[in-house]
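In what follows, a single structure is set out as structure tokens and then discussed.
By convention here, the first residue in the shown sequence is residue 1. Just so you know, ligand 1 is whichever comes first in the structure, and atom 1 is the first atom listed for that ligand.
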Amino acid sequence: MPQPLPPGSVIGILGGGQLGRMTALAAAQLGYQSHIFCPEPDAPALQVTPLATVADYQDRDALARFAAAVDVITFEFENVPSDSAAFLAEQRLVRPDPEVLRICRNRLREKDFLASIGVETTRYAEVTGIDGLRRELRNLGIPAVLKTAELGYDGKGQVMLRSSDDAVAAWDSVRGHNPDSVAVLEAFVDFRMEISVVVARGVREQTACYVPVENQHRGHILDSTIAPARISDIAASRAEAIARHIAESLDLIGIVGVEMFLTEEDRVLVNELAPRPHNSGHWTMDACLTSQFEQFVRAVVGLPLGSPERHSDAVMTNLLGAEANDWEALLGDPLVKLHLYGKQEGRPGRKMGHVTRLGTRSSQLG
Ligand code: AMP
């Protein structure tokens with residue numbers, strides 16, 4: 001069994017966004033240092049640690065210097081090029097393994113992986129051209145959702161098709177987003193609720209699973225997370241079992257957010273995996289014994305995982321764009337915890353911070 005890296009060790013984090021920032025803060029609490037690698041000189045994570053390499057993700061010299069300066073490497077951003085992750089893994093321990101990144105950064109590979117381990121998703125097909133799109137639309141039916149296989153997030157690079165007349169415009173739009181990439185056509189899921197489960201897995205193969213939560217979106221961007229999800233015990237245990245099975249099948253050392261659709265019949269279909277802390281896990285910072293960020297750090301440095309138990313129920317709401325300007329009013333509510341990410345420019349739709357409103361702990365609703 002590998003020994004944990006001792007406090008004082010340096011965790012290299014690829015990506016400098018709010019997830020890296022909150023990971024670095026959790027690492028500091030446990031006595032670890034964080035070294036951020038990202039291309040943006042004004043990234044939020046750079047404000048909370050002095051150790052940084054600001055360079056392109058493809059810059060081999062910078063990657064080599066970064067690897068030499070840290071004790072373990074992880075990522076907060078799954079669009080790091082796979083060959084850069086593999087290059088780093090030749091020189092330093094990378095957790096989770098770059099293979100996890102390779103699977104999860106491509107929607108098609110991810111869905112094929114889920115199918116291979118017996119996890120149900122919506123029906124889907126690979127699409128590489130307009131003729132193929134028309135054919136698969138006939139197979140999968142209308143409505144359907146066309147998504148780029150790579151580099152899509154927060155609804156970017158995806159289009160809903162409500163009629164076969166939408167095919168040309170949908171194909172142009174998805175190709176415009178990422179011309180090199182193939183696309184995935186998915187049968188539309190008439191879901192009752194979107195839920196997610198965040199699960200950590202450590203070096204001793206133990207897992208720590210947070211309670212399933214309910215996610216509400218606004219314009220394809222997560223608006224709020226209600227913890228716990230208002231679902232049956234059966235649906236909740238099904239969702240947790242699926243998330244654990246995924247973490248085990250990936251042989252994950254780290255944390256993964258599993259996004260799922262819950263149907264009227266309590267079927268759970270997995271939509272997407274994010275092998276890093278997840279926006280729908282931010283509530284754990286204020287409402288659980290161990291936050292998702294601390295759990296992630298513990299897994300990456302090889303410490304035992306903490307308890308994921310929640311002491312309060314919570315509703316997390318993202319602050320997008322100018323909503324973060326209301327910080328003073330938000331702070332006036334004693335049950336609200338405010339988190340701001342230190343971003344300068346509050347462009348519409350940009351995640352500037354979040355608030356968690358705490359409530360009394362309930363048992364899961366039956
Ligand atoms: P994604 O980028 O895959 O997370 O999708 C963003 C959002 O689009 C999801 O959270 C859903 O609200 C919606 N969506 C994506 N795929 C489907 C689908 N196959 N059926 C219904 N809604 C979907």
### Task
Return yes if a side-chain donor-acceptor contact under 3.5 Å exists between Asp223 and Asn318, otherwise no.
no
### Whether Ala144 lies under 4.0 Å from ligand 1, heavy atom
no
### Message
For Glu150 and Asn106, which I'm curious about, is there any donor-acceptor pair between the side chains at under 3.5 Å?
### Response
yes
## Note on the structure
Taking only non-hydrogen atoms of Ala187 and a 4.0 Å limit, the atoms of ligand 1 in range are 19 (N)
### Message
Please check whether Phe261 reaches ligand 1 - meaning an N/O of the residue sits under 3.5 Å from an N/O of the ligand, judged on distance alone.
### Response
no
### Message
For Phe37 and Phe75: C-alpha separation, side-chain torsions, deciding distance, then whether ring-ring contact (aromatic ring centres under 6.0 Å, His included) applies.
### Response
CA-CA 9 Å; Phe37 187 112; Phe75 45 86; over 10 Å; no
### Summary
Going by the 4.0 angstrom heavy-atom rule, the piece of Asp190 near ligand 1 is neither
#### Entry: Polar contact flag, side-chain donor to acceptor under 3.5 angstrom, Arg361-Ser312
no
### Message
Please report whether ligand 1 has a polar contact with Thr122, defined as an N or O pair separated by less than 3.5 Å (distance criterion only).
### Response
no
### Query
Would you say the side chains of His35 and Thr49 form a donor-acceptor pair under 3.5 Å?
no
### Met160 touching ligand 1 at heavy-atom level, < 4.0 angstrom
no
### Winner among Gln158, Glu194, His217 once heavy atoms are compared against atom 9 (C) of ligand 1
Glu194
### For Phe188, atoms of ligand 1 separated by under 4.0 Å from a heavy atom
20 (N), 21 (C), 22 (N)
### Query
Taking non-hydrogen atoms only, is Val189 closer than 4.0 angstrom to ligand 1 via side chain, backbone, both or neither?
both
### Query
Does the side chain of Asn279 pick up a donor-acceptor pair with the side chain of His354 at under 3.5 Å?
no
### Query
What atoms in ligand 1 come closer than 4.0 Å to a heavy atom of Glu272?
1 (P), 2 (O), 3 (O), 4 (O)
### Task
Give the single entry among His220, Glu186, Met260, Lys147 that approaches atom 15 (C) of ligand 1 most closely by any heavy atom.
Lys147
### Query
For residues 11-33, which residue pairs qualify under side chain to side chain donor-acceptor pair (under 3.5 Å), counting only residues two or more places apart or in two chains?
Gln18-Lys343, Arg21-Gln47
### Task
Pull out every atom of ligand 1 sitting under 4.0 Å from any heavy atom of Glu259, numbered as shown with elements.
4 (O)
### Task
Would you check, one step at a time, whether the test salt bridge (charged side-chain N to carboxylate O under 4.0 Å, His left out) holds for Lys147 with Glu186?
CA-CA 8 Å; Lys147 303 178 178 179; Glu186 297 180 6; 3.1 Å; yes
